[in-house]
Amino acid sequence: MTLPETNEIILQGISGSPGICIGKAYLVDKGGVDVVEQYHIEKSSIQNEVNRYKTAVNKAKAELQKIMEDTPDELKGHAHILETHIALLNDKMLYGKTIESIEKEQINAEWALKKVVSIVKPMFENMSDAYLRERADDIVQISDRVMKNLIGADRVDISDIDKRVILIARDLSPAETSQIQLESVKGFVTNRGGKASHTSIIARTLEIPAVLGVEKATATIRTDDIIIVDGTTGEVVVNPSEQTLIDAEERKARYEARKAVITRKSNLPAITTDGVKLRIMGNIELPEEVVSVMHYGGDGIGLYRTEFQYLSRPDFPGEDFLFEKYQDVVQVMGDKPVTIRTLDINGDKALAYNNDTEEENPALGQRGIRYCLRKPEIFKTQLRAILRAAVFGTVRVMFPMISSVEEVLEARKLLEAAKTSLKKDAIPYKDDIQVGIMVEVPSAVVTADLIAKEVDFFSIGTNDLIQYALAIDRTNRDVAHLYHPLHPAIIRMIKHVCDVARKAGIKTFMCGEMAGDPINIPILLGLGLDELSMNPQSIPAAKAMIRALDSQQVKPFIDDMLRRNTAAGIVKLINDTYGKLITETVYNE
Ligand code: PEP
Ligand code: MG
């Protein structure tokens with residue numbers, strides 16, 4: 001087959017979900033909402049215009065409600081974001097100000113909405129808390145929806161797409177992503193979004209390649225364009241040349257064959273050639289995801305992010321509800337450890353029922369354990385549920401965002417109080433449960449020797465540790481190039497935590513994204529991590545890497561690495577020393 005000459009365009013984005021797909025593009029939100037009509041209205045038309053706006057908002061609410069009802073059960077946990085969207089539709093800033101603008105400035109609803117969004121969006125974007133900053137995208141998504149209702153543009157229903165395409169959208173909300181039918185969508189590319197967004201979490205759960213943060217995607221790519229999406233490298237090629245297509249097909253075939261081969265072997269233990277064993281565990285957000293961890297040969301759950309059970313409902317969950325969610329996972333995993341992290345929310349708006357805190361800088365505010373210690377009743381409910389579920393398997397409890405010994409002591413005190421209350425109520429629970437902390441705040445690294453005396457294990461949360469240590473927002477596309485797990489500061493912190501823990505006789509785990517990247521495995525093995533936890537899809541490659549390494553040979557490499565003074569220098573050293581092995585083990589047949 002000879003293809004016509006093409007003008008190949010390469011767009012670089014952020015890797016959202018690994019894998020390669022090749023196919024026809026399908027632009028889902030042209031919408032035309034960027035070019036809205038702007039005109040002044042007569043005083044006598046104000047009420048009509050306000051009503052027109054209200055109708056468009058109500059229609060948007062009904063649409064969201066419908067999506068919520070149609071969301072498949074296994075993705076229901078992610079549908080909480082829809083509630084946020086519905087709440088934002090009623091938000092004074094957006095709803096009230098648009099109406100005020102129509103009335104005071106006597107302008108049409110589209111113009112008023114556009115004006116208000118242009119004020120509100122940067123307000124969210126400039127917030128320092130990652131969660132709130134992501135709400136800027138929600139503002140855009142819901143205002144797009146209202147705008148489309150106002151101008152009567154049709155919204156493409158993703159669940160109706162009936163040919164195998166690659167979706168191109170300015171943004172896909174988690175709700176929309178959850179509508180994706182795997183038999184009709186090969187992958188997707190969005191202008192917005194970052195690695196830590198819910199959208200990429202769902203894409204990884206669905207195992208479809210995704211590239212996010214391609215600023216010009218919708219402006220460059222047209223429906224029916226042939227495109228290549230490399231979710232692993234974050235590269236998108238539009239109108240590829242014949243040679244590029246052939247190369248991509250080969251890479252895709254290699255990737256898939258390799259994935260199948262590694263997955264077939266993923267039930268083998270992760271033991272180095274000289275007999276050192278590491279446990280490779282899975283991170284989950286929802287109980288259903290435990291199936292993937294088993295499928296990919298995970299040795300347990302290293303991080304069960306429990307906040308999703310709080311975000312996907314209108315009020316705080318009760319003890320029995322939580323107990324069932326934990327019990328489900330614990331029973332499936334049998335005697336394999338399940339590490340349940342206690343509630344790690346911040347003062348965010350997604351908890352519609354938790355609006356008692358307005359913070360200037362929520363990333364440095366009442367996040368994680370700080371929130372729970374301020375709300376002992378909510379914390380105790382969760383701790384009781386965890387202690388009850390622990391009866392059914394091997395459960396560890398882990399506290400997030402610990403920044404001092406006092407917090408550990410206080411949290412442990414509440415854990416003991418939860419036990420006492422269960423005993424008093426004659427409800428079965430497990431008493432000797434392992435207690436650990438996430439090491440993700442620099443002060444916890446520096447005082448690791450003090451904290452080690454109070455806990456059974458450490459789990460390094462590199463997603464936040466990098467954010468707080470390097471002062472780099474983990475979801476900000478503009479500083480993504482500085483967000484480097486191999487920065488010497490991060491390597492030194494990890495080394496320090498491992499050394500201190502070894503001396504204190506406790507284990508060190510890692511559950512941040514860094515643990516799941518094969519390039520980091522020689523370093524993590526060499527620094528002495530005992531357990532790595534990752535997205536379930538990443539487990540087979542991590543295990544294969546461990547099996548290919550010799551722990552003694554890693555030692556001189558680590559000494560050499562500790563002398564490097566830049567992240568780039570460390571990357572070069574890894575490539576020089578292990579590049580061939582990584583390629584052969586993970587990427588080649
Ligand atoms: C981390 O911070 O590295 C982590 C694993 O937790 P989360 O990504 O949920 O903040
Ligand atoms: Mg964290």
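Just so you know, these numbers use all the heavy atoms, side chains as well, and skip hydrogens, waters and symmetry mates. Atoms within a ligand are numbered from 1 in the order they appear, just like the ligands themselves.
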Original post:
Heavy-atom distance under 4.5 Å between the side chains of Lys336 and Met281, does that happen here?
Top reply: no

So, [X] versus [Y]: side-chain donor-acceptor pair below 3.5 Å or not?
X: Gln382; Y: Tyr326; value: yes
X: Glu207; Y: Ser17; value: no
X: Asp335; Y: Thr394; value: no

Original post:
Between Glu513 and ligand 1, is there a nitrogen or oxygen pair with a distance under 3.5 Å?
Top reply: no

Subject >> ligand 1 to Glu307 polar contact by distance, N or O atoms, under 3.5 Å >> reply: no

Within a distance under 4.0 Å of any heavy atom of [X], pick out the atoms of ligand 1 and give their elements.
X: Gly512; result: 3 (O), 5 (C)
X: Glu440; result: 1 (C), 2 (O)
X: Cys511; result: 5 (C)

Original post:
Would Gln467 count as a contact of ligand 1 if the rule is a heavy atom under 4.0 Å away?
Top reply: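 False for this residue.
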
Original post:
Within less than 4.0 angstrom of ligand 1, does Met514 place any heavy atom?
Top reply: no

**OP:** Determine the sole option in Ile466, Ile570, Thr462 for which the side chain to side chain contact (heavy atoms under 4.5 Å, CB included) test with Pro485 is passed.
**Re:** Ile466

Can you tell me which portion of [X] lies within the under-4.0 Å heavy-atom range of ligand 1? Options are side chain, backbone, both, or neither.
X: Leu303; value: side chain
X: Glu285; value: neither
X: Arg305; value: side chain

Original post:
Does CZ in Arg502 sit with more than 12 non-hydrogen atoms of other residues, nucleotides or ligands closer than 6.0 Å?
Top reply: yes

Original post:
Please state which protein non-hydrogen atom is closest to atom 3 (O) of ligand 1 and give its distance, to 0.1 Å?
Top reply: Asn463 N, 2.7 Å

Original post:
What is the closest protein heavy atom to atom 6 (O) of ligand 1, and at what distance does it sit?
Top reply: Arg341 NH1, 3.0 Å

Original post:
Glu289 and Tyr304: side-chain hydrogen bond (donor to acceptor under 3.5 Å, both in side chains), yes or no, with the steps?
Top reply: CA-CA 10 Å; Glu289 289 163 14; Tyr304 183 174; over 6 Å; no

**OP:** Dump the intermediate steps for side-chain hydrogen bond (donor to acceptor under 3.5 Å, both in side chains) on Glu407 and Ser403, then the final yes or no.
**Re:** CA-CA 7 Å; Glu407 284 170 344; Ser403 60; 3.2 Å; yes

Original post:
Hey, is the main chain of Gly231 close enough, under 3.5 Å, to the side chain of Ser15 for a donor-acceptor pair?
Top reply: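 Such a contact is found between Ser15 side chain and Gly231 backbone.
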
I'd like a table of donor-acceptor pairs (distance under 3.5 Å, sequence neighbours excluded) in which one partner is a side-chain atom from residues 538-545, with atom names and distances.
residue: Lys543; atom: NZ; partner: Ser266; partner atom: O; Å: 2.8
residue: Lys543; atom: NZ; partner: Leu268; partner atom: O; Å: 3.1
residue: Lys543; atom: NZ; partner: Gly297; partner atom: O; Å: 2.7

Original post:
Which count of protein N, O or S atoms is obtained for distances strictly below 2.8 Å from the Mg ion (ligand 2)?
Top reply: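 Number of qualifying protein atoms: 2.
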
Subject >> CA sep, side-chain torsions, deciding dist, call: Glu319, Arg388, salt bridge (Lys or Arg N to Asp or Glu O under 4.0 Å) >> reply: CA-CA 10 Å; Glu319 182 183 315; Arg388 286 173 57 191; 2.7 Å; yes

Original post:
Is Arg396 close enough and on-axis enough to Phe457, meaning under 6.0 Å and within 45°, for cation-pi?
Top reply: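 Cation-pi check for Arg396 and Phe457: passes.
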
